[in-house]
Amino acid sequence: MHQAVQNTNVGDMSADNCGGNVSVPLRNLLNSIQCIRDRVRDGESNESDGAFNLSNFWDTLNQAVKAVSQEATKLSLAFSQPPLPSQQDGEKLAESTLKSVLSLSTVYYWLPKSQGVSLRRQVRDATVEVLEGVLQLVEVILSSPLQSLSQDQLTSTGSVWSACDHFAQLPQDNKAAVLIVLSNQVGVVKDAIEEIEQALSEAQDPFIDVLDDDQEPRGNQDTYWSENDRRIIGPCQGLMKASAACLRKLTSAVKANGDVTTSQHLAQLDDLADITKEMSPGVDDLALCLYPPMDYSGVENNVSKLAALLKKVLEIIRSSHVCGESQLTWVQFLDGAVDHNLQKAKDLIQQDI
């Protein structure tokens, strides 16, 4: 600390009468925000008995986020160059920062689970991100309080702004929140399907380019697919494509029919979000076990798991309010496609074992 004081050429400003004391309110602030962050991350929301006004909630939340952003900027500026704030000013800054953080967490708690769990999770994650950002900023200021504005401090301040700006993109109700979950799943499943297609199109030994010219190409089945392997991959791909089609069709159904006006419909949307979150790991597990060397029993296990999951997803869609007459057609079609591909994969595996 003393060394840092000398480096900044701020005369007789000593660490004892300035830096040492001004760090106390900052350390207290750090501890308080950590507690608030942990409570927001793990705590439950208040269940409101009366009517809940969602648009009023968003207005108040956005104001609270703006206040945190402004306080973080003030704090960062105050510690961006000598002279440092006095202890009294440091206490005031810490106090007003803490007040804005408390206000944000309080408004977040207003949002009841009955407005939808998917919505609440996304608002919670965004709130935690802001709190993490402010925590990091205070830590950076504490670690270099007597220097001029550091790159770390600029980065941390920017992270708080960015986390606060994210609130403008948050879904405004549970239907929008569920559509975000579905969109993420569609992306991951699509990637897994494309990777397998890409690997299959590179028909030769994938390690051919690392062999020396005088080495014989290896007759090693560990590195590429046999004809039998390729036959088995066909229905596995069919199942993966059925997963992608199911997610795409469900997205359209939620857009068209998703309703957030009754607690039963809100809960159904959350059930759809929760079950579809299992789809990308299921597709990934199947895709991974298709790479050579193929273990047929592992493939059969993962094919059966993904098929069972897809049947469950289709059943939940069928019994939910998003499934109208026109949706029933594709739900039944995909249900048949799942059975067909599962049976075909099992038959081929049994022939080859």
Side-chain angles (χ1 to χ4, degrees), residues 22-46 57-80 85 90-113 115-145 147 149-172 176-177 180-181 183-184 187-188 273 277:
V22 86
S23 69
V24 173
L26 289 181
R27 292 208 174 279
N28 293 339
L29 175 63
L30 194 69
N31 294 335
S32 301
I33 299 174
Q34 276 168 342
C35 294
I36 294 165
R37 188 252 340 250
D38 294 345
R39 274 208 305 273
V40 167
R41 204 169 44 196
D42 308 321
E44 290 299 318
S45 63
N46 306 326
F57 164 77
W58 280 114
D59 289 344
T60 317
L61 186 69
N62 287 326
Q63 283 167 7
V65 170
K66 207 168 155 186
V68 172
S69 183
Q70 287 167 347
E71 288 301 327
T73 307
K74 269 198 276 187
L75 189 69
S76 186
L77 280 171
F79 287 91
S80 63
E91 279 166 5
K92 273 184 191 162
L93 280 163
E95 205 176 292
S96 56
T97 304
L98 181 58
K99 197 174 162 191
S100 73
V101 163
L102 270 169
S103 173
L104 173 61
S105 62
T106 304
V107 178
Y108 155 72
Y109 278 119
W110 289 356
L111 183 63
K113 264 191 191 160
Q115 287 296 314
V117 176
S118 305
L119 175 66
R120 192 168 168 275
R121 274 189 198 131
Q122 289 176 40
V123 177
R124 178 197 64 202
D125 292 348
T127 305
V128 168
E129 203 186 337
V130 169
L131 300 179
E132 296 272 13
V134 179
L135 266 177
Q136 193 192 13
L137 174 62
V138 178
E139 278 171 354
V140 166
I141 290 170
L142 272 167
S143 66
S144 53
Q147 291 166 10
L149 185 62
S150 67
Q151 188 53 50
D152 282 352
Q153 194 174 326
L154 280 170
T155 308
S156 299
T157 312
S159 296
V160 177
W161 292 342
S162 165
C164 291
D165 288 347
H166 179 55
F167 276 74
Q169 277 91 52
L170 283 177
Q172 299 295 293
I180 288 173
V181 172
S183 168
N184 292 340
V188 179
K277 273 184 194 163

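Summarising the geometry, atom CD1 belonging to Ile141 is positioned 4.5 Å from atom CD belonging to Gln153; distances are rounded to the nearest 0.5 Å. Here the CG-OG1 distance, from Asp152 to Thr157, works out to 10.5 Å after rounding to the nearest 0.5 Å. Once rounded to the nearest 0.5 Å, the distance linking CD of Gln151 with OG of Ser156 reads 10.0 Å. Taking CG of Leu131 as the start and OH of Tyr108 as the end, the distance is 10.5 Å to the nearest 0.5 Å. Atom CD of Glu139 and atom CG of Leu26 lie 11.5 Å apart (nearest 0.5 Å). Taken from CD1 in Ile33 to CG in Asn28, the straight-line distance is 11.0 Å, to the nearest 0.5 Å.
Pairing each heavy atom of Val22 with each of Gly90, the nearest pair is CG2-CA, 4.0 Å. Of all the heavy atoms in Ala64 and Leu104, the pair that sits closest is CB-CA, 3.9 Å. Considering every non-hydrogen atom in both Ala78 and Leu93, the closest pair reads CB-CD1, 3.5 Å. For Ala94 against Leu29, the heavy-atom pair with the smallest separation is O-CD1, 3.5 Å. When all heavy atoms are compared, the tightest approach of Leu135 to Gln34 is CD2-CG, 3.5 Å. The two residues Leu137 and Ala72 have their closest heavy-atom pair at CD2-O, 3.6 Å.
In this structure, Val123 and Trp58 have side chains that are in contact, with non-hydrogen atoms separated by less than 4.5 Å. The side-chain heavy atoms of Ile36 and Leu98, taken from C-beta on, include a pair separated by under 4.5 Å.
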message: Apply side chain to side chain contact (heavy atoms under 4.5 Å, CB included) to residues Val138 and Leu75 and explain how you reach the verdict.
response: CA-CA 8 Å; Val138 178; Leu75 189 69; 4.0 Å; yes
field: Criterion side chain to side chain contact (heavy atoms under 4.5 Å, CB included) on Glu132 and Arg37, from CA distance to verdict
entry: CA-CA 7 Å; Glu132 296 272 13; Arg37 188 252 340 250; 3.2 Å; yes
message: Asp38 vs Arg41, test: side chain to side chain contact (heavy atoms under 4.5 Å, CB included). Steps then yes/no.
response: CA-CA 5 Å; Asp38 294 345; Arg41 204 169 44 196; 3.1 Å; yes
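Scored by the salt bridge (Lys or Arg N to Asp or Glu O under 4.0 Å) test, Arg39 finds no partners at all (sequence neighbours excluded).
Applying the side-chain hydrogen bond (donor to acceptor under 3.5 Å, both in side chains) test to every pair with at least one member in residues 94-103, sequence neighbours left out, gives these pairs: Glu71-Ser96.
Trp110 places no side-chain N or O within donor-acceptor distance of the main-chain N or O of Phe57, the cut-off being under 3.5 Å. Here the side chain of Ser80 pairs a donor or acceptor atom with the backbone of Leu77 at under 3.5 angstrom.
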Can you give me every donor-acceptor pair (side chain of residues 159-171, partner residue at least two apart or in another chain, under 3.5 Å) with its distance?
residue, atom, partner, partner atom, Å
Ser159, OG, Thr155, O, 3.0
Trp161, NE1, Thr73, OG1, 2.9

